[in-house]
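Numbering starts at 1 and runs along the sequence shown. Computed over heavy atoms, backbone and side chain alike; hydrogens, waters and symmetry mates excluded.
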Amino acid sequence: METLEYTIQINATPEKVWTVLWDDTSYRQWTSAFTKGSFYVGTWEEGSMMKFYDPENNGMYSRVLKNDPNKEMVFIHLGEIFDGVEVPQDWGDATETYILEETEEGTKLIARIKASEEFKGFFEDKFPVALQNVKNLSENQL
């Protein structure tokens, strides 16, 4: 398991960036960098299960480990979803963490992903685009 980290400076408040990250409508927009038509089902409450889908009803499911509004969101990926059916996976501590740090210029957004080698190339290709989407949405909706 390797920890990948991506950082971007955004000229918007942490509250604004947080809303862009986790609001249903803007979530669909910024995550289009990974898969067009991505969406989630669930709530972001600590301990709750989240399901992340593509338009074909495939995706992954995760548990929210931490939700500290406007500061940090952490979830652990537990398995994949194929045609709506959950298939558990042994991914160990495959976590995804989003940290928002207030700066003089706005917000520094850090995305930290613990990923296996098989997903590294995908994340390195897609995450910078996804964070740029968050930046654009946050700064253009001031």
Side-chain angles (χ1 to χ4, degrees), residues 1-89 91 93-142:
M1 195 68 62
E2 184 173 348
T3 300
L4 308 174
E5 188 168 293
Y6 307 94
T7 304
I8 194 164
Q9 179 63 44
I10 301 172
N11 184 19
T13 65
E15 293 80 10
K16 178 63 187 172
V17 176
W18 186 266
T19 298
V20 166
L21 283 170
W22 311 121
D23 176 72
D24 179 57
T25 301
S26 52
Y27 176 89
R28 292 171 186 252
Q29 293 172 307
W30 75 265
T31 58
S32 67
F34 301 109
T35 303
K36 293 213 181 303
S38 295
F39 65 98
Y40 65 80
V41 174
T43 68
W44 295 108
E45 295 173 25
E46 285 185 14
S48 69
M49 296 298 285
M50 292 296 294
K51 296 179 182 181
F52 304 96
Y53 290 103
D54 68 12
E56 284 76 48
N57 213 23
N58 300 313
M60 61 187 348
Y61 64 97
S62 309
R63 184 174 52 251
V64 178
L65 298 179
K66 183 173 186 179
N67 180 342
D68 186 0
N70 308 315
K71 293 182 181 160
E72 185 174 13
M73 177 76 77
V74 182
F75 40 95
I76 186 165
H77 300 300
L78 302 173
E80 294 179 274
I81 302 170
F82 297 104
D83 199 24
V85 178
E86 295 178 14
V87 179
Q89 300 292 324
W91 288 328
D93 64 342
T95 55
E96 201 167 319
T97 302
Y98 295 83
I99 300 166
L100 287 72
E101 296 177 355
E102 191 165 7
T103 66
E104 288 184 19
E105 299 82 31
T107 304
K108 180 164 96 171
L109 173 59
I110 304 161
R112 194 173 293 140
I113 300 91
K114 289 187 182 175
S116 62
E117 188 64 34
E118 67 180 298
F119 295 114
K120 181 178 177 181
F122 175 80
F123 287 140
E124 290 190 341
D125 186 40
K126 304 294 186 184
F127 245 101
V129 176
L131 293 189
Q132 186 63 49
N133 288 349
V134 173
K135 177 181 174 75
N136 294 343
L137 287 164
S138 298
E139 292 179 354
N140 293 331
Q141 295 180 6
L142 294 175

Next item on the list: Any chance you could measure L78, atom CG, to S62, atom OG, to the nearest 0.5 Å?
Entry: 6.0 Å
Note to self: Just to verify, what does E118 make a side chain to side chain contact (heavy atoms under 4.5 Å, CB included) with, not counting sequence neighbours?
What the structure shows: S116
Next item on the list: Could you grab the distance from atom CE of M73 to atom CD of E46, nearest 0.5 Å is fine?
Entry: 9.0 Å
Checklist line | Contacts of type side chain to side chain contact (heavy atoms under 4.5 Å, CB included), residue N57, not counting sequence neighbours | finding: Y53
Next item on the list: Kindly give the heavy-atom pair with the smallest separation between P88 and Y61, and that separation in Å.
Entry: CA-OH, 3.2 Å
Checklist line | ring pair (Phe, Tyr, Trp, His ring centres under 6.0 Å) contacts touching residues 104-126 (sequence neighbours left out) | finding: F123-F127
Next item on the list: Would you sort out whether T31 and T35 count as a side-chain contact (heavy atoms from CB on, under 4.5 Å), showing the intermediate values?
Entry: CA-CA 7 Å; T31 58; T35 303; over 6 Å; no
Note to self: When you compare the side chains of T103 and Q9, does any donor N or O come within less than 3.5 Å of an acceptor on the partner?
What the structure shows: yes
Mind listing the side-chain donor-acceptor pairs of residues 65-72 below 3.5 Å, one per line with the distance, residues two or more places apart or on another chain?
{"from": "K66", "atom 1": "NZ", "to": "E72", "atom 2": "OE1", "distance (Å)": "2.8"}
{"from": "N67", "atom 1": "ND2", "to": "W44", "atom 2": "O", "distance (Å)": "2.6"}

Checklist line | Any donor-acceptor N/O pair, T107 side chain to I10 backbone, under 3.5 Å | finding: no
Next item on the list: Carefully, step by step, assess L131 and K135 under the rule side-chain contact (heavy atoms from CB on, under 4.5 Å).
Entry: CA-CA 6 Å; L131 293 189; K135 177 181 174 75; over 6 Å; no
Check: What distance separates D83 CG from N58 CG, expressed to the nearest 0.5 Å?
Finding: 6.5 Å
Next item on the list: Calculate, to the nearest 0.5 Å, the distance between atoms CZ and CZ belonging to R28 and F39 respectively.
Entry: 6.5 Å
Check: Are the side chain of N140 and the backbone of N136 linked by a donor-acceptor contact shorter than 3.5 Å?
Finding: yes
Next item on the list: To the nearest 0.5 angstrom, please state how far the CE atom of M50 sits from the CD atom of E45.
Entry: 10.0 Å
Notebook entry, point to check: Mind checking whether E96 and F52 have side chains closer than 4.5 Å, heavy atoms only?
Noted result: no
Next item on the list: Kindly give the heavy-atom pair with the smallest separation between E124 and Y6, and that separation in Å.
Entry: CG-OH, 3.2 Å
Notebook entry, point to check: What about the rings of F75 and Y40, do their centers lie closer together than 6.0 Å?
Noted result: no
Next item on the list: Identify the heavy atoms of P14 and G106 that sit nearest to each other, and give their distance.
Entry: CD-O, 4.4 Å
Notebook entry, point to check: Between I99, T97, I8, L100, which is the residue that forms a side chain to side chain contact (heavy atoms under 4.5 Å, CB included) with I110?
Noted result: I99
Notebook entry, point to check: Going through the distances and angles, do N133 and Q29 end up as a side-chain contact (heavy atoms from CB on, under 4.5 Å)?
Noted result: CA-CA 8 Å; N133 288 349; Q29 293 172 307; over 6 Å; no
Next item on the list: Locate the shortest heavy-atom distance separating L21 from W30; write the atom from each residue and the value.
Entry: O-NE1, 3.0 Å
Next item on the list: Mind checking side chain to side chain donor-acceptor pair (under 3.5 Å) for Q89 and listing every partner two or more places apart, or none if nothing turns up?
Entry: E80
Next item on the list: Would you confirm whether T13, through its side chain, and K16, through its main-chain N or O, come within 3.5 Å as a donor-acceptor pair?
Entry: yes
Notebook entry, point to check: With sequence neighbours excluded, what pairs up with E101 under the salt bridge (charged side-chain N to carboxylate O under 4.0 Å, His left out) test?
Noted result: K108
Margin query: I need the R112 CZ to T7 OG1 distance, nearest 0.5 Å.
Written below: 8.0 Å
Check: What heavy-atom pair brings V64 and T43 nearest, and what distance separates the two atoms?
Finding: CG2-O, 4.2 Å
